[in-house]
Amino acid sequence: MELEWLNSQIVDGLSELVLVFDEKGDILFGNQTAVEKLEYKRDELTECNMTQIFRQDFPKAGEHAPTFDRSRIEGRGELAMYRKNSSCFPVNARVLPTAQADVCVLLAEDVTVLRDMKLRMRELKEEGQENLRRRNEFTANVTHELRTPVNGIKGHVSTLLNEVQDAEQRRTLDIVLYCCENMLAIINNILDFSKLETGKFTIEEKEFDFYQMMDRVIATHSAEIHKKELRLSVDVDKKIPQFLIGDELRLVQVLNNLLSNAVKFTMAGSVSVVAGKTMQTGDEVELFFMVKDSGIGISPQEQDKLFQSFSQVDASITRRFGGTGLGLAITKQLVELMHGDIHLESEKGKGSTFSFSVKLRTNQQADEKQNEVYVDWSEYTNKENTEEETGLLQFGEPENRAELKKRMDKLVLSIEMGAWDKAEMLASTVKALVEKSDDDIKKLVLRMEMAIRKCNYDKSMAMYENLKAAISERIGEL
Ligand code: ADP
């Protein structure tokens, strides 16, 4: 049959297989790609029938050769094409009509590579999921096994503490207890993280007393805050219902993590906690919390990776403060599970503000029970010295001078003892305290900070003396 409309030169150049066939399925033409892929010679191909090439779709019925039916290969997408040697490969095929009514063209693209890639990707995904499952199972087992002995140590040490009178021994036991608590916190973090990763984490819905919860959270940190001589301010919106329904434990975990970080990374100044009600529709209440500190702060580049797992803003921080870098990753996921968001605003050397929202429910009945016995936050709030007022402290004011003197004394001690990490942090708080002073004093602190960073005792001391002299000159003897 003449195929005048077919430009075999062009068709031969195509990367797709092209087969021209008649209504009986006899092949009239195969392009170069078809010849190569099907491994027939060109004249052999034109002696074949489509039922041989697509033998899966036209199975033999007893003695008789199968009859060709175009509809079986039309509009089916992926088909198997058989080579001369009876092996096959997958193709994406289309059947198109031609100018001749009884002649059609099949265009087929070999998708072996694509299919292999898809298969490989599926395998890799399954492998990944299996690895993740195994890892989490291992983590769950190990953390569980670790928790048991640590709890054992804790129990025995607590008993000993009740019996021992000697102050030095009690101090040692206290440290052991403290280490156990830390270790348990790390173990729990790892366990939580692995549960969150596999979506096995569930949020409880139970009624709790919000004010009692806040009281406990604040009390947990107040000793450390006091020890570090930081100012604490707590501001809780009294419109928040006393009884709420939600996961108290997880809300406490979020607050504890933010607060312990705030305290950990603040050497001087203040830590403040704000809790407010932002919305109430029906029985749904949205709460907003803010944990603010005047600590070492976090640079914009570091902020980006902060909520990812295992991220600590720099390796030296791990050495300095310990931790696994899981806290904020867990915090973010917990907040999201409680239908909220978490944000961070921070400036290096000036402090950080973490704010988050969560949605809880309120029980109307319980709400009516709400009495006026609120926790006395004034116990924790130092009204004369709130964060805002501290921020307005002018360089040279009596409070500023007293604060500067205290920090400078600690600074020189740290330099003398070679406690460079601490000295660096103290230098940054001195910088914050002299923020409202003239430029040359600020420059002096900066240069001293750099000398400290390079751990240069002589230079640091010299810079310290210069700084002290410059400050004394402006505001009188320190
Ligand atoms: P970790 O459990 O190790 O403390 P987090 O996820 O809680 O881990 O915190 C990760 C890192 O983020 C910390 O190591 C610290 O570098 C930084 N960071 C978190 N909170 C603060 C903060 N309030 N001030 C300064 N840096 C912070």
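All residue numbers refer to positions in the sequence shown, counting from 1. In this text the structure is predicted, and so the values were computed from the model without any measurement. Order of appearance sets the numbers: ligands from 1, and atoms from 1 within every ligand.
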Next on the checklist: With heavy-atom distances below 4.0 Å as the criterion, list the atoms of ligand 1 near Ile298.
Outcome noted: 18 (N), 21 (C), 25 (C), 26 (N), 27 (C)

Next on the checklist: Counting neighbours of CZ on Arg401 that are heavy atoms of other residues, nucleotides or ligands and sit closer than 6.0 Å, is the number greater than 12?
Outcome noted: yes

Checklist entry - Quick check: does Leu328 get an N/O under 3.5 Å from an N/O on ligand 1? => result yes

Item to check | Crowding at NZ, Lys459 (>12 non-hydrogen neighbours, <6.0 Å) | outcome: no

Checklist entry - What pairs of residues pass the salt bridge (Lys or Arg N to Asp or Glu O under 4.0 Å) test when at least one of them lies in residues 183-196, not counting sequence neighbours? => result Asp192-Arg250

Item to check | Residue portion contacting ligand 1 (non-hydrogen atoms closer than 4.0 Å) for Lys264 | outcome: side chain

Next on the checklist: Please work out, at 4.0 Å between heavy atoms, whether the side chain, the backbone, both, or neither of Asn257 comes within that distance of ligand 1.
Outcome noted: side chain

Next on the checklist: Taking 4.0 Å as the limit for heavy-atom contacts, which would you say applies to Asp293 with ligand 1: side chain only, backbone only, both, or neither?
Outcome noted: side chain

Checklist entry - Do the side-chain N and O atoms of Thr278 and Glu286 include a donor-acceptor pair separated by under 3.5 angstrom? => result yes

Checklist entry - Of all heavy-atom pairs between Phe395 and Val434, which one has the smallest distance, and what is that distance? => result CE1-CG1, 3.6 Å

Item to check | Contact with ligand 1 for Phe307, non-hydrogen, under 4.0 angstrom | outcome: no

Checklist entry - At under 4.0 Å between heavy atoms, which part of Leu258 makes contact with ligand 1: side chain, backbone, both or neither? => result neither

Checklist entry - What atoms of ligand 1 come closer than 4.0 angstrom to any heavy atom of Phe354? => result 20 (N), 23 (N)

Next on the checklist: I need the Met81 CE to Cys88 SG distance, nearest 0.5 Å.
Outcome noted: 11.5 Å

Next on the checklist: Can you tell me if Ser352 contacts ligand 1 (heavy atom of the residue under 4.0 Å from the ligand)?
Outcome noted: yes

Checklist entry - What residues, two or more places apart in sequence or in another chain, satisfy side-chain contact (heavy atoms from CB on, under 4.5 Å) together with Leu344? => result Ile298, Gln303, Leu306, Phe307, Ser346, Ser352, Phe354

